[in-house]
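Working notes, beginning with the structure itself.
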Amino acid sequence: ELARIFLPAMEEAGQGRILNVASIASFMPGPKMAVYYASKAYVRSLSEALSVELKGSGVTVTALCPGPVKTDFWTRAEADESGIFSRLLFADSRKVAESGYRAMLKGKVLALPGFSTACFAFLSSILPRALVRNMVYQLQK
């Protein structure tokens, strides 16, 4: 909604930056949190598509795709009993935000903060989908 409102003025000015918050979840199916994973895939896909449409306009779009981040999201989502909560390391929210900001300023399409996040994204693209969805299920149950 914000992009729809502000993008025309950015294009007219010939400059602007959009930073959308997606997730590492956007790269894989998410049994036990299917709607969340699907919504993050939408955000990443939209960001990637807009970045191509806006090429040469002076406006860039970046999708920030962190792994788990220390926020109160987990409590709100009632996911603190999820396997993911107890099995993964959580990133510092400030470091994730700074990483996304730096990537946005550089005009990068995807911001994958941290080595492990980049590895998860890469592995999810080369491993068989059935394996990925079953691994995510095992991680979250």
Side-chain angles (χ1 to χ4, degrees), residues 1-137 139-141:
E1 193 65 28
L2 290 173
R4 181 185 308 246
I5 293 168
F6 293 106
L7 188 53
M10 289 180 185
E11 287 181 289
E12 189 175 312
Q15 64 179 8
R17 303 276 186 266
I18 296 172
L19 177 63
N20 290 322
V21 180
S23 170
I24 190 65
S26 69
F27 291 91
M28 56 198 83
K32 313 274 293 158
M33 289 181 69
V35 173
Y36 176 80
Y37 278 62
S39 67
K40 293 304 180 176
Y42 168 79
V43 171
R44 182 175 57 89
S45 181
L46 174 68
S47 300
E48 290 186 86
L50 285 175
S51 73
V52 173
E53 291 177 18
L54 294 167
K55 192 171 181 115
S57 72
V59 180
T60 64
V61 181
T62 302
L64 174 58
C65 301
V69 180
K70 290 180 193 169
T71 67
D72 65 350
F73 165 81
W74 300 97
T75 304
R76 286 185 182 173
E78 298 178 356
D80 49 352
E81 293 181 19
S82 161
I84 218 168
F85 192 78
S86 62
R87 292 185 180 105
L88 293 180
L89 295 175
F90 283 66
D92 177 73
S93 59
R94 183 178 182 93
K95 289 180 181 176
V96 169
E98 288 171 350
S99 175
Y101 183 72
R102 283 191 306 273
M104 178 189 70
L105 290 180
K106 291 178 183 175
K108 290 186 175 183
V109 177
L110 295 177
L112 295 159
F115 180 73
S116 62
T117 304
C119 286
F120 272 112
F122 174 72
L123 288 172
S124 69
S125 71
I126 63 169
L127 293 173
R129 297 293 287 175
L131 178 62
V132 172
R133 68 179 165 258
N134 287 316
M135 286 173 52
V136 172
Y137 175 76
L139 184 65
Q140 295 196 142
K141 72 175 190 173

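Predicted model, so just to flag it, every value in this text is computed and none were measured.
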Any chance you could measure [X], atom [atom1], to [Y], atom [atom2], to the nearest 0.5 Å?
X: Leu110; Y: Glu48; atom1: CG; atom2: CD; result: 4.5 Å
X: Leu112; Y: Phe27; atom1: CG; atom2: CZ; result: 5.0 Å
X: Tyr137; Y: Met33; atom1: OH; atom2: CE; result: 14.5 Å
X: Leu64; Y: Ile24; atom1: CG; atom2: CD1; result: 10.5 Å
X: Leu127; Y: Arg133; atom1: CG; atom2: CZ; result: 12.5 Å
X: Ile18; Y: Thr60; atom1: CD1; atom2: OG1; result: 8.0 Å

Nearest heavy-atom pair of [X] and [Y]: which atoms, and what distance?
X: Gly107; Y: Thr62; result: C-OG1, 4.5 Å
X: Pro113; Y: Cys65; result: CD-O, 3.8 Å
X: Val96; Y: Ala91; result: CG2-CB, 3.6 Å
X: Val136; Y: Pro31; result: CG1-CD, 3.8 Å
X: Ala130; Y: Asn134; result: O-ND2, 2.8 Å
X: Val21; Y: Val43; result: O-CG1, 3.6 Å

Look at the side chain of Arg44 and the backbone N and O of Ser26, then say whether any donor-acceptor pair between them is shorter than 3.5 Å. yes

Given 3.5 Å as the limit, does a donor-acceptor pair link the side chain of Ser45 with the main chain of Tyr42, or not? no

Is there a side chain to side chain contact (heavy atoms under 4.5 Å, CB included) between Glu11 and Leu54? Walk through the geometry before answering. CA-CA 8 Å; Glu11 287 181 289; Leu54 294 167; 3.4 Å; yes

Pairs meeting criterion side-chain hydrogen bond (donor to acceptor under 3.5 Å, both in side chains) with involvement of residues 121-131, two or more places apart: none

Filter on side-chain hydrogen bond (donor to acceptor under 3.5 Å, both in side chains), then keep only pairs touching residues 98-118, sequence neighbours left out; what's left? Arg94-Glu98

Between Pro29 and Val132, is there a side-chain heavy-atom distance shorter than 4.5 Å? yes

Sorted by chain and residue number, the side-chain contact (heavy atoms from CB on, under 4.5 Å) partners of Glu53 (sequence neighbours excluded) come out as Leu50

